[in-house]
Amino acid sequence: MGRQKPANAWREHVWLIRRDKDCRRRADSMIQRPISMTDTARPIRTRIAPSPTGDPHVGTAYIALINYCFAKKHGGELLLRIEDTDQARSTPQSEKAILDALKWLGLDWAEGPDVGGPHGPYRQSERSAIYTEHCEKLMADGHAFKCYCTAEKLSQMRKDQIARKKPPRYDGTCLSLTDVERSELDLQGVPHVVRMKIPESGTCEVQDTLRGKIEFEYAAVDMQVLMKSDGLPTYHLANVVDDHLMGITHVMRGEEWISSAPKHLLLYQYFGWEPPVLTHLPLLLNADKSKLSKRKNPTSILYYRRAGYLSEAMVNFLGLFIKSSGEEDEKTTLQALIDDFDVQHISLGGSVFDTSKLDWLNGRYMREDMDAAGFLERVREWALNDAYMMPIADMTQSRITKMSDLGGLTAMFFMNRIEGLTLERLRSGVKLDELQQRQAYTLALSQFDALLDWDKDGVDATLRATAAALDVKLKDMIRAFYLAVTGEAQGVPLFDAITHLGRDIMRERLRHAMELLGPATKKEVKAWEALLRESKSEG
RNA sequence: GGCCCCUUCGUCUAAGGGUUAGGACGCGGCCCUUUCACGGCUGAAAUACGGGUUCGAAGCCCGUAGGGGUCACCA
């Protein structure tokens, strides 16, 4: 026996085949019925559903690429939906950046907030009424209930449970409320959330394309909040409702969702809907094998663009994680990724996002796919254009006596990291002590990350606040930034330079400086950020 | 910690019970070359561990270890 690849007849149901152990077990559970890939009554529809709460992440692009390839290969369609139900963190800037980044990579979608479509709106914040309606149906059918517990009570409860070494779960207090009590509380205007009910016993079987059957005890599943007290749904409700309403047939998402799959399946069951085929994809990892994070790696797609990578190299690189290459050339095209796509070829272990192969690929694209004129054109698109050069002209014009001075003064605008920067150089002539210098970079970094709009005012405010928090003169601190950002002790106006360089390159240069000085531990970051908060509340 | 997932060179990966465990990046060496790249050749480098099953195990089963994910009115 052993692991077997499906014979041709099985190929149609390929995602039902267990990849590891008992490989031919079929999904026969009532709640998850297989859909045929060739079922013309239900064309393949996949989706990418980013949350606009930060920079466009390479992990998003990787998941998007998989959904795109799968849909394209089978003549289906990819949808883009914006999951912006977190009012506090979602921003239009982030949404725009994510759309731009995916377009830059050459991925496109048949329906989405920018192109519309028959199942819109495609922004969850604009679908409130739909969720309310569905949530009310769940309550009416006895599958969900209002919960009036306060956040304080809940966190205290969790603390107690953890202290008693019990799994932290909602204890069901509000489950026993009578209708009279509920209307009383509503009348008083006590805020509430809506939670889903979970069966008291039994197990949930999740059929995962790559892993086969995964079992969860309902007893260990929490009574998830479906509707927040602000009236907006949580991910779980919105996601299930939208996937159904938008006709999504295959959900391919990150592995971090496996443990909430039982809740989602339960919701499909409560609504009486057929769930999509679920595929959980391995995560992209930092070098230390933890989930890829911007603390440890550049994760923004915009960073890779600014650093001068070609979009086709980036797509190719991401494609390496989903294509079994055998002995073929690893340089490939998006079309080939689509043609060769087979979800079963995705290996289950998470992949370390090590960009050295991206560098190699990018070099090959530059020397093999374009002549000198074509290359020059790409360089123009990247930086040698008026939009990028104008601010540089503005900064340099009055500082040089002849145009040939330009090279030395502006080289840093055409670099990624400052190569050759040393610890000695970074410390030369800096009046701050080493600790203060590390604090300065760290605090600037965390404030830069939090900046909604990247502009000179924000940069200015950040550096001033940093100096204030460390109780050092701005002038003394500036030198440390000149060295980290430009590699030189002086040059064009710093704030303008930082603004022009952009958030991603700044992050990389400050990270570089911190590598030389000794990266801040989590504990240090926390303590230093407290310093900043204190100083801000005083000033 | 509970639950769940995972484990082939440093990294990305190939190998449907039988291969000297293959390729690629990176690293080293040699060649080409005015330099540096490119290119060519070449070297070192892996089946986490322990038990089974089998004529035969990287692969199947069990256990152990390690790593990861998740346990929010974030997604």
Side-chain angles (χ1 to χ4, degrees), chain A residues 1-7 17 19-23 49-54 57 60 82-90 124 147 149-151 154-155 158 161-170 191-195 206 208 210-212 214-217 219-222 224-236 238-239 253-262 280 282-291 317-331 344-361 363-364 366-368:
Chain A
M1 277 302 124
R3 185 159 86 201
Q4 292 193 358
K5 285 208 174 163
I17 311 286
R19 189 175 204 266
D20 49 354
K21 294 150 198 181
D22 212 340
C23 66
S51 179
T53 55
H57 198 277
T60 306
I82 294 293
E83 308 225 325
D84 56 351
T85 54
D86 184 348
Q87 284 184 301
R89 296 197 305 148
S90 298
Q124 291 185 331
C147 168
C149 298
T150 62
L154 292 171
S155 79
R158 269 191 285 272
Q161 285 166 331
I162 289 166
R164 294 203 316 271
K165 301 212 187 255
K166 296 261 175 139
R169 294 183 65 207
Y170 181 63
H192 69 270
V193 301
V194 177
R195 290 177 185 275
V206 177
D208 178 272
L210 299 175
R211 282 162 258 259
I214 305 169
E215 293 186 358
F216 293 87
E217 297 280 336
V221 179
D222 201 3
Q224 183 63 50
V225 170
L226 260 21
M227 201 56 104
K228 300 180 274 189
S229 56
D230 64 3
L232 288 178
T234 58
Y235 168 87
H236 307 278
N239 192 264
R253 72 222 304 186
E255 197 176 22
E256 73 262 37
W257 294 107
I258 289 182
S259 52
S260 43
H280 292 94
L283 268 15
L284 258 22
L285 270 26
N286 294 315
D288 64 4
K289 307 266 185 186
S290 55
K291 186 161 111 175
F317 178 62
L318 291 171
L320 254 26
F321 297 116
I322 65 174
K323 182 183 181 243
S324 40
S325 50
E327 322 231 320
E328 299 153 41
D329 189 356
E330 291 183 320
K331 183 162 169 256
Q344 297 294 343
H345 281 163
I346 297 173
S347 42
L348 251 17
S351 310
V352 172
F353 192 74
D354 177 344
T355 54
S356 58
K357 210 176 242 183
L358 171 63
D359 285 342
W360 166 73
L361 275 171
R364 283 191 61 189
M366 290 200 301
R367 74 183 90 95
E368 292 173 9

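Here is how names work: the chains are called A, B, and so on, in the same order as the sequence lines, proteins then strands, and each is numbered from 1.
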Scan [X] against the nucleic acid and name what it touches under 4.0 Å (heavy atoms): base, sugar-phosphate only, or nothing.
| X | result |
| --- | --- |
| A/T53 | nothing |
| A/S229 | base |
| A/R367 | sugar-phosphate |
| A/D222 | nothing |
| A/F317 | nothing |
| A/E328 | nothing |
| A/V225 | sugar-phosphate |
| A/E256 | sugar-phosphate |
| A/R195 | sugar-phosphate |

Counting only side-chain nitrogens and oxygens, does [X] get under 4.0 Å of the OP1 or OP2 atom of [N]?
| X | N | result |
| --- | --- | --- |
| A/R169 | B/C71 | no |
| A/T234 | B/A75 | no |
| A/K228 | B/C74 | yes |
| A/T85 | B/A75 | yes |
| A/K289 | B/U11 | yes |

In whole Å, I'd like the distance from the [atom1] atom of [X] to the [atom2] atom of [N].
| X | N | atom1 | atom2 | value |
| --- | --- | --- | --- | --- |
| A/K291 | B/C5 | NZ | C1' | 14 Å |
| A/I162 | B/G1 | CD1 | P | 14 Å |
| A/I346 | B/A14 | CD1 | C1' | 16 Å |
| A/Q87 | B/A75 | CD | C1' | 14 Å |
| A/D329 | B/C12 | CG | P | 20 Å |
| A/K331 | B/C25 | NZ | P | 13 Å |
| A/D288 | B/G10 | CG | P | 17 Å |
| A/K357 | B/G10 | NZ | P | 15 Å |

Out of [options], which nucleotide sits closest to the side chain of [X]?
| X | options | value |
| --- | --- | --- |
| A/P168 | B/C73, B/G1, B/C6 | B/G1 |
| A/S290 | B/U11, B/C73, B/G69 | B/G69 |
| A/E255 | B/U70, B/A14, B/C5 | B/C5 |
| A/I258 | B/C4, B/C74, B/U70 | B/C4 |
| A/I214 | B/C4, B/U70, B/G23 | B/C4 |
| A/W257 | B/A72, B/C25, B/A75 | B/A75 |

Given side chains that start at C-beta, do those of A/E330 and A/K357 come closer than 4.5 Å, heavy atoms only?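 Yes; the side chains approach each other to less than 4.5 Å.
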Do A/R211 and A/H280 make a side-chain contact, defined as non-hydrogen atoms from C-beta onward lying under 4.5 Å apart? yes
Atom [atom1], compared across [N] and [M]: separation rounded to whole Å:
| N | M | atom1 | value |
| --- | --- | --- | --- |
| B/G43 | B/G22 | P | 12 Å |
| B/U53 | B/C3 | C1' | 30 Å |
| B/U19 | B/C4 | C1' | 36 Å |
| B/A57 | B/A48 | P | 15 Å |
| B/A46 | B/C12 | C1' | 13 Å |
| B/U13 | B/C6 | P | 15 Å |
| B/U47 | B/G1 | C1' | 32 Å |
| B/C9 | B/C71 | P | 30 Å |

Who is the Watson-Crick or G-U wobble partner of [N], with both distances under 3.5 Å?
| N | result |
| --- | --- |
| B/G63 | B/C49 |
| B/A15 | none |
| B/C38 | none |

Mutual orientation of the aromatic rings belonging to A/W257 and A/Y235 [parallel < 30°, tilted 30-60°, perpendicular > 60°]: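 Correct class here is parallel.
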Which protein N or O atoms sit under 3.5 Å from an N or O of nucleotides 44-47 of chain B?
none

How far apart are the C-alpha atoms of A/N286 and A/S290, what are their side-chain angles, what is the distance that settles it, and do they pass the side chain to side chain donor-acceptor pair (under 3.5 Å) test? CA-CA 5 Å; A/N286 294 315; A/S290 55; 3.0 Å; yes
The criterion is side-chain contact (heavy atoms from CB on, under 4.5 Å); which residues satisfy it with A/R364, sequence neighbours excluded? A/D329, A/K331, A/W360, A/R367, A/E368
With distance as the sole criterion, do the side chain of A/E330 and the base of B/G23 form a donor-acceptor contact below 3.5 Å?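 Side chain to base: pair present.
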Short question: side chain of A/D84, backbone of A/S51 - any donor-acceptor pair under 3.5 Å?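 No, because the side chain of A/D84 does not come within donor-acceptor range (under 3.5 Å) of the backbone of A/S51.
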Is it true that a side-chain atom of A/R195 and a backbone atom of A/C147 form a donor plus acceptor pair closer than 3.5 Å?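 It does not hold such a pair.
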Please lay out, stage by stage, how A/V194 and A/H192 fare under the test side-chain contact (heavy atoms from CB on, under 4.5 Å). CA-CA 7 Å; A/V194 177; A/H192 69 270; 4.2 Å; yes
Shortest non-hydrogen contact from A/H236 toward A/S260: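 Shortest heavy-atom contact: CE1-CB, 3.6 Å.
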Nearest heavy atom decides the nucleotide; on that basis, is A/W360 or A/Y235 closer to the 5' end of RNA chain B? A/W360
